[in-house]
Amino acid sequence: MSKQLFIYGDSIIDNGSYVGSNEPDVAQQISSLVPDWYVNSFATDGARCSDIAEQLKHNPPPSGAYVLLTGGGNDVMDTIWVVEDDTDRTFPEVLGLLVSIKEQFRTKYCKVMAELKNRPALVSTIYNPKFDHPSTEPIKKPAVGLLTVFNDVIQEEACAAGYSILELRRLFTRAEHFANPIEPSALGGETIAEATAIWLAKSSN
């Protein structure tokens, strides 16, 4: 049986609309690095956790397949209002709001985890956006703080299920890794592809 990698997620993988016309998306970059693997991607730009759970449900990874999973970034975008909200709250109230957001996301993310059905998986965190314009300075620290709430859930649930974690915050460290403030460039995609190839080599031997 051929080695198989099934990919589910969002524009972290399905970034073809954001790279140059002659540049490959992440799935294509992975395929070029592991030519002996059959790579099939169901990732869709704009997908939220509910959509990713459906990707897995309707196109489940077959027995023996490996899985690369991204997700959560668009769910963060649904709560970005928290960063810009000027409601007068006490610090305990702010913490309570963040815990509520965290547990709502956990409910959605656990549905994604359940659909993996114990396949060997590499689960990515959400990288920090590229804050390179003066206008983003006021929301930079709050946005990074909000992301840690979501990434905490991803790491907790992936670890609990025994999956490997791809910590994208440690990989996306240069402006060139981004096609825009929140999408991977071809170079960013290359870093994901290389990390995936290394994981496949280690976990499949």
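Residues: numbered from 1 along the sequence shown.
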Chemist: Which Ile, Leu, Val, Met, Phe, Trp or Tyr residues join Leu68 in one cluster when any pair of side-chain heavy atoms under 4.5 Å counts as a link?
Modeler: Leu5, Ile7, Ile12, Ile13, Val26, Ile30, Val34, Trp37, Val39, Tyr66, Leu122, Tyr127, Leu166, Leu168, Leu171, Phe172, Phe178, Ile192, Trp199, Leu200
Chemist: In sequence, state the C-alpha distance, the side-chain angles, and the governing distance for Asp45 and Tyr18, and then conclude on side-chain contact (heavy atoms from CB on, under 4.5 Å).
Modeler: CA-CA 10 Å; Asp45 184 8; Tyr18 306 102; 2.6 Å; yes
Chemist: Do Thr107 side-chain atoms and Glu103 backbone N/O form a donor-acceptor pair below 3.5 Å?
Modeler: yes
Chemist: How about Asp14 and Thr44: does a side-chain donor come under 3.5 Å of a side-chain acceptor?
Modeler: no
Chemist: Do the side chains of Ser11 and Ile182 get nearer than 4.5 Å, heavy atoms only?
Modeler: no
Chemist: Is any side-chain heavy atom of Ile52 closer than 4.5 Å to a side-chain heavy atom of Arg48?
Modeler: no
Chemist: Taking the side chain from Asn151 and the backbone from Ile126, do they hold a donor-acceptor pair closer than 3.5 Å?
Modeler: yes
Chemist: So does His177 get a backbone contact from the side chain of Ser185, meaning a donor-acceptor N/O pair under 3.5 Å?
Modeler: yes
Chemist: Quick check against the 3.5 Å criterion: does Arg119 have a side-chain atom that pairs as donor or acceptor with the backbone of Pro61?
Modeler: yes
Chemist: Would you mind reporting whether Pro60 and Phe6 have side-chain heavy atoms less than 4.5 Å apart?
Modeler: no
Chemist: I'd like to check the salt bridge (charged side-chain N to carboxylate O under 4.0 Å, His left out) partners of Glu156; sequence neighbours left out, ordered by chain and number.
Modeler: Lys102, Arg106
Chemist: Without swapping roles, check the side chain of Glu115 against the backbone of Ala53 for a donor-acceptor pair under 3.5 Å.
Modeler: no
Chemist: Please check if Leu56 and Tyr38 belong to a single hydrophobic cluster, counting links between Ile, Leu, Val, Met, Phe, Trp and Tyr side chain heavy atoms closer than 4.5 Å.
Modeler: yes
Chemist: Look only at the side chain of Gln29 and the backbone of Ala186, and say whether a donor-acceptor pair between them is shorter than 3.5 Å.
Modeler: yes
Chemist: Answer yes or no: is there a donor N or O on one side and an acceptor on the other, between the side chain of Asn15 and the main chain of Pro184, under 3.5 Å?
Modeler: yes
Chemist: Side-chain donor-acceptor pair under 3.5 Å between Asn59 and Tyr8, yes or no?
Modeler: no
Chemist: Between Leu116 and Ala121, what is the shortest heavy-atom contact and its length?
Modeler: CD1-CB, 4.2 Å
Chemist: Could you check whether any side-chain N or O of Gln28 sits under 3.5 Å from a backbone N or O of Asp25, counting only pairs where one atom can act as donor and the other as acceptor?
Modeler: yes
Chemist: Strictly distance-based, threshold 3.5 Å: is any side-chain N or O of Ser100 a donor or acceptor partner for the main-chain N or O of Gly96?
Modeler: no
Chemist: Look up atom NZ in Lys57 and atom NZ in Lys117, then write down how far apart they are to the nearest 0.5 Å.
Modeler: 9.0 Å
Chemist: Rounded to the nearest 0.5 Å, what's the gap from CG on Leu33 to CD on Glu190? Could you check?
Modeler: 7.5 Å
Chemist: What is the distance from atom CD1 of Ile154 to atom CD1 of Ile165, rounded to the nearest 0.5 Å?
Modeler: 9.0 Å
Chemist: Measure the spacing between CG of Leu187 and CD of Glu23 and express it to the nearest 0.5 Å.
Modeler: 9.5 Å
Chemist: Take Asp78 and Asn74 through the side-chain contact (heavy atoms from CB on, under 4.5 Å) test and state the conclusion after the steps.
Modeler: CA-CA 7 Å; Asp78 289 339; Asn74 292 302; 5.8 Å; no
Chemist: Quick check for you: to the nearest 0.5 Å, what is the distance between Thr191 atom OG1 and Arg170 atom CZ?
Modeler: 13.5 Å
Chemist: Do the side chains of Asn40 and Gln4 get nearer than 4.5 Å, heavy atoms only?
Modeler: no
Chemist: Could you walk me through whether Cys49 and Lys111 satisfy the side-chain contact (heavy atoms from CB on, under 4.5 Å) test, starting with their C-alpha distance in whole Å, then the side-chain angles of each, then the deciding distance to 0.1 Å, before giving a yes or no?
Modeler: CA-CA 8 Å; Cys49 281; Lys111 292 180 180 178; over 6 Å; no
Chemist: Supply the atom-to-atom distance Asp36 CG to Ser31 OG, rounded to the nearest 0.5 angstrom.
Modeler: 11.0 Å
Chemist: Are Asp152 and Thr148 packed together at the side-chain level, in the sense that at least one heavy-atom pair is separated by less than 4.5 angstrom?
Modeler: no
Chemist: Taking all atoms of both residues into account, what is the closest heavy-atom pair of Ala47 and Gly9, and its distance?
Modeler: CB-O, 3.5 Å
Chemist: For the pair Leu69 and Ser124, evaluate side-chain contact (heavy atoms from CB on, under 4.5 Å) and give the outcome as yes or no after the intermediate values.
Modeler: CA-CA 6 Å; Leu69 177 74; Ser124 77; over 6 Å; no
Chemist: Do Glu54 and Ser50 have a side chain donor and acceptor closer than 3.5 Å?
Modeler: no
Chemist: Do Glu167 and Gln155 have a side chain donor and acceptor closer than 3.5 Å?
Modeler: yes
